[in-house]
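Bear in mind the structure is a predicted one, so any value in this text is a computation, not a measurement.
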Amino acid sequence: MRLLQLFLISGVFFVSSVIGFGVDPALRISVFDELTLGEGFDGVTQVQGFHSESRAFHFQGSSREVKAPVEVSEQMVHKLRGKNEFTVLVTLKQDHLNSGVILSIHHSEHRFLELESSGQRSEVRLHYRTKGQQDHTEVFPYSLADDQWHKVSVAVSASHVILHVDCNRIYERVVEPPYMDIPEDTSFWLGQRNAAHGFFKGVMQDVEILVMPQGYISQCPDLNRTCPTCNDFHGLVQKIMELQDILAKTSSKLSRAEEKMNGLDGCYCERTCSVKGVVYREDESWTDGCRNCTCTNGTVQCEAISCPPPQCPAGTAPAYVKGACCKECQPVCLFGGRELVEGDQKAVRDSAGRCLLFECRDRTMHRVVPSEPCPELNCPESEQIALSGRCCKVCRGHDFCSEGNGCMENSDCVNLEAGDCCVCKDGFRPLRDDNAYCEDIDECAEGKHYCRENTMCVNTPGSFMCICHTGYIRIDDYSCTEHDECLSGLHNCDENALCFNMVGGHSCSCKPGYTGNGTVCKDIDECADGFVECDSKSTCVNLPGWYHCECRDGYHDNGLFSANGESCVDINECKTGRNTCANDTVCFNLEGGYDCRCPHGHNCTGDCIHDNKVKHSGQIWVLDSDRCSVCSCQAGQVMCRRMVCDCDNPNADLFCCPECDPRLSSQCLHQNGLLTYGSGDTWVENCQQCQCLQGQVDCWPLPCPPVDCEFTVVPEGECCPRCVTDPCQADTIRNDITKTCTDEHNISRFSGSSWIKHGTECTLCQCKNGHICCSVDPMCL
């Protein structure tokens, strides 16, 4: 509660500092001032802006290079580097349907921060790198390219993003946090992505980056902030993680100190052995469960106890006794024709249906009087189970193990229908027939391991490890080689193939969704080749390395997102109001559509309602919002379609039919600078759909089907995430900080935290929603 009050106080202080005293210059990046815009930049001229308090510049043409010099770029990037909270501000008037970049901070092909406005698709796009070193694009459907002035701000606070337009909160989302460890030789561009692409056309004013949350308050002072930001919360979580790490390191140091102190015991005259907190002297022996152990030169050596078959006299029977490994002769009682050993209980019912409980003691069955009544069960009678050893019934699924069991170390208790049993853990074998005692299997000594060339098998409790010989590097968990051709790039695998390093060479295999011999791989068009059979209510859409069954018009997904489109269900246009039936007709829902019917006895006009206007039956018109779409009213229904392009017609509208534009100025250059596309051409590049329109290239992320799962992974060479059940394979998880992990020091770790495993230098462990995933860095070995 005190922390929350502190956050609220700091939040109020932040607002007052912005509104009352302005923004600290150390937190402000005024892009126009830093670039000294207006001095020597072709294609940029100073003009009248939205207001007269600061300069405004008109960006035009496609031959400009508004790029910050190296030293200026480093000054601006330095303020952003490593920050989790910042706000991008701009006041702009973008040309109608222009698609261009407002500002871009990128290194090579990786965009660390880029704000883009697409007039072609009416989208605002935020490009950045995630903490998982993945390129990410957050798309906000909104049109800025309407030749009107707009105030725009994008505020980022850790995983929290808010888009304001004209001081109105348009979108608020939780996203993957950005990775802002920006390299030093990063480029800073204004009004374009680079010298060839993403040219913004229009006027910009007040382009700023504020290294603080809720920076939109400086643009729109009437907006206020009263709550802590996501970054405040993430900062608190990070501090707790750091404290956990300090605690773990301190515990490790204490543990090593204790080990050294224990080692001092043997410095005087002998080396001792410490087992489960008990110190044994040299040659001292003891029994540990079903093993006889001896301390030899400071090392514990154990061997399994061999139990001879007991020769029991009459009136006794062999049975396990608590604390003993072998069966011992125990007195028996005869009850109902069955033998019961000492301590066994049996429940019977008398003629009146009452339950009577008896216990075998001193060869005689004694009645046991319960000290308290049976507890009330919270399950239906059909789910209640009667047990032979007690009078009280239990619910099906009862946890017998929690009542106490005889399963010892390396053995797990497993609940059964009417009791429990012991099962040895993986990598262990039973020492007696009830599995209560188990011993480790030495896979290395018994040859039950998978270690291959150039490795040495090392036994571990319940498993084993394959350690590379000195001078060799790891291929996988079981084999090592002298040289990794895949890692060094000295291979001939296709970019859509997986490289597998092998002893003496490598092999190539096409990624899922591609076909070929590994050196040449081509995308499998699952839709065209008939590999996929989408439901009748959906249509197949091919993607690089994959496919997607997309709901047809008139259908939408019910939220289950089945792969074959079975989750597509009909949209009731009549109930949702998504119909164009006029007032004198009645809407009837149909599968995948609707019908406008005239009531019996009426003479209906067949008119339509479109954009709250009446359109007469047979009327044809062009959409106000899209001059390339033609609509018609037919018997109460509006039918719209794209204008048919006839490139032989000299009067063809080149805006609607860019493929008919023969001008060289309307062609586009591919990102690699080697290919040229005509206006209207489309292509896929780096998981983006790109289109050339009248000399401008616009790219947007390929559509991916939604995934509703806890752990996802994007397979190499593919663009869309897939669900996985193994958290250690996932590269993206929905972190739930309530699902913690317990490390080797019994310290709780939040989901998302990582640490170096105790006793190792190269094993990095991470908590993923309650699951601990550890991996060895081969380059560290």
Side-chain angles (χ1 to χ4, degrees), residues 288-291 304-305 307 309-310 312 316-350 353-361 365-441 461-463 725-726 739 742 770-771:
D288 182 7
C290 282
R291 301 183 303 168
I305 295 175
C307 296
C312 297
T316 62
Y320 288 118
V321 179
K322 186 176 181 180
C325 175
C326 301
K327 289 184 177 181
E328 298 179 1
C329 297
Q330 296 293 308
V332 298
C333 304
L334 289 176
F335 189 77
R338 294 183 55 189
E339 284 189 351
L340 302 178
V341 297
E342 187 80 7
D344 284 350
Q345 293 185 340
K346 181 68 175 177
V348 297
R349 295 189 179 275
D350 60 13
R354 293 173 300 181
C355 181
L356 304 177
L357 185 64
F358 293 90
E359 181 180 350
C360 179
R361 293 198 304 267
M365 297 300 292
H366 297 269
R367 183 176 175 184
V368 179
V369 179
S371 58
E372 55 185 27
C374 292
E376 184 177 349
L377 300 180
N378 57 358
C379 59
E381 190 171 350
S382 60
E383 292 294 313
Q384 296 178 8
I385 302 173
L387 305 175
S388 62
R390 63 176 76 175
C391 281
C392 296
K393 293 183 178 181
V394 297
C395 291
R396 193 180 303 277
H398 180 72
D399 187 359
F400 295 97
C401 293
S402 64
E403 298 176 348
N405 59 82
C407 302
M408 307 305 290
E409 188 178 7
N410 305 323
S411 177
D412 291 328
C413 180
V414 177
N415 285 301
L416 303 177
E417 177 77 10
D420 58 42
C421 69
C422 298
V423 176
C424 288
K425 295 180 180 179
D426 291 340
F428 294 85
R429 64 163 64 94
L431 289 171
R432 66 185 204 185
D433 54 15
D434 63 352
N435 292 348
Y437 291 88
C438 305
E439 67 173 349
D440 174 51
I441 299 173
S463 186
T725 56
D726 184 0
K739 297 179 179 179
T742 302
H771 303 272

Next item on the list: Could you tell me which non-hydrogen atom of N405 sits nearest to which non-hydrogen atom of C407, and how far apart they are?
Entry: OD1-N, 3.0 Å
Margin query: Distance check, rounded to the nearest 0.5 Å: R291 atom CZ versus E439 atom CD?
Written below: 7.5 Å
Check: Distance from M365 atom CE to L356 atom CG, nearest 0.5 Å?
Finding: 11.5 Å
Next item on the list: Starting at SG of C333, measure out to CD of E342 and round the result to the nearest 0.5 Å.
Entry: 6.5 Å
Notebook entry, point to check: Do F358 and L340 come close enough that some side-chain heavy atom pair is under 4.5 Å?
Noted result: no
Next item on the list: Please report the shortest heavy-atom distance between C401 and V414, naming the atom on each side.
Entry: SG-N, 3.6 Å
Note to self: Using a 6.0 Å cut-off, check whether atom CG of D350 has over 12 heavy atoms from anything other than its own residue.
What the structure shows: yes
Next item on the list: Could you tell me whether the side chain of R349 reaches within less than 4.5 Å of the side chain of R354, counting heavy atoms only?
Entry: no
Margin query: So D344 and E359, do their side chains get closer than 4.5 Å, heavy atoms only?
Written below: no
Item checked: Any N378 side-chain heavy atom under 4.5 Å of C395 side chain -> yes
Notebook entry, point to check: If you measure from the SG of C326 to the SG of C307, is it under 2.5 Å?
Noted result: yes
Check: Excluding sequence neighbours, so at least two apart, what forms disulfide (SG to SG under 2.5 Å) with C421?
Finding: none
Item checked: Distance (rounded to the nearest 0.5 Å) between D412 CG and D420 CG -> 12.0 Å
What donor-acceptor contacts under 3.5 angstrom involve side-chain atoms of residues 428-438, with partners at least two apart or in another chain?
unit_1	atom_1	unit_2	atom_2	d
R429	NH1	E446	OE2	3.3
R429	NH2	E446	OE1	2.8
R429	NH2	E446	OE2	2.8
R432	NE	D434	OD1	2.7
R432	NE	D434	OD2	3.2
R432	NH1	A324	O	3.1
R432	NH1	C325	O	2.9
R432	NH2	D434	OD2	3.0
D433	OD1	Y320	OH	2.6
D434	OD1	A436	N	3.2
N435	ND2	C422	O	3.3

Side-chain donor-acceptor contacts of residues 381-393 below 3.5 Å, not counting sequence neighbours, with atom names and distances?
unit_1	atom_1	unit_2	atom_2	d
E383	OE1	R396	NE	3.3
Q384	NE2	C379	O	3.2
R390	NH2	E403	OE1	3.0

Check: With no hydrogens and no angle check, is any side-chain donor or acceptor of D440 less than 3.5 Å from a backbone partner on P461?
Finding: no
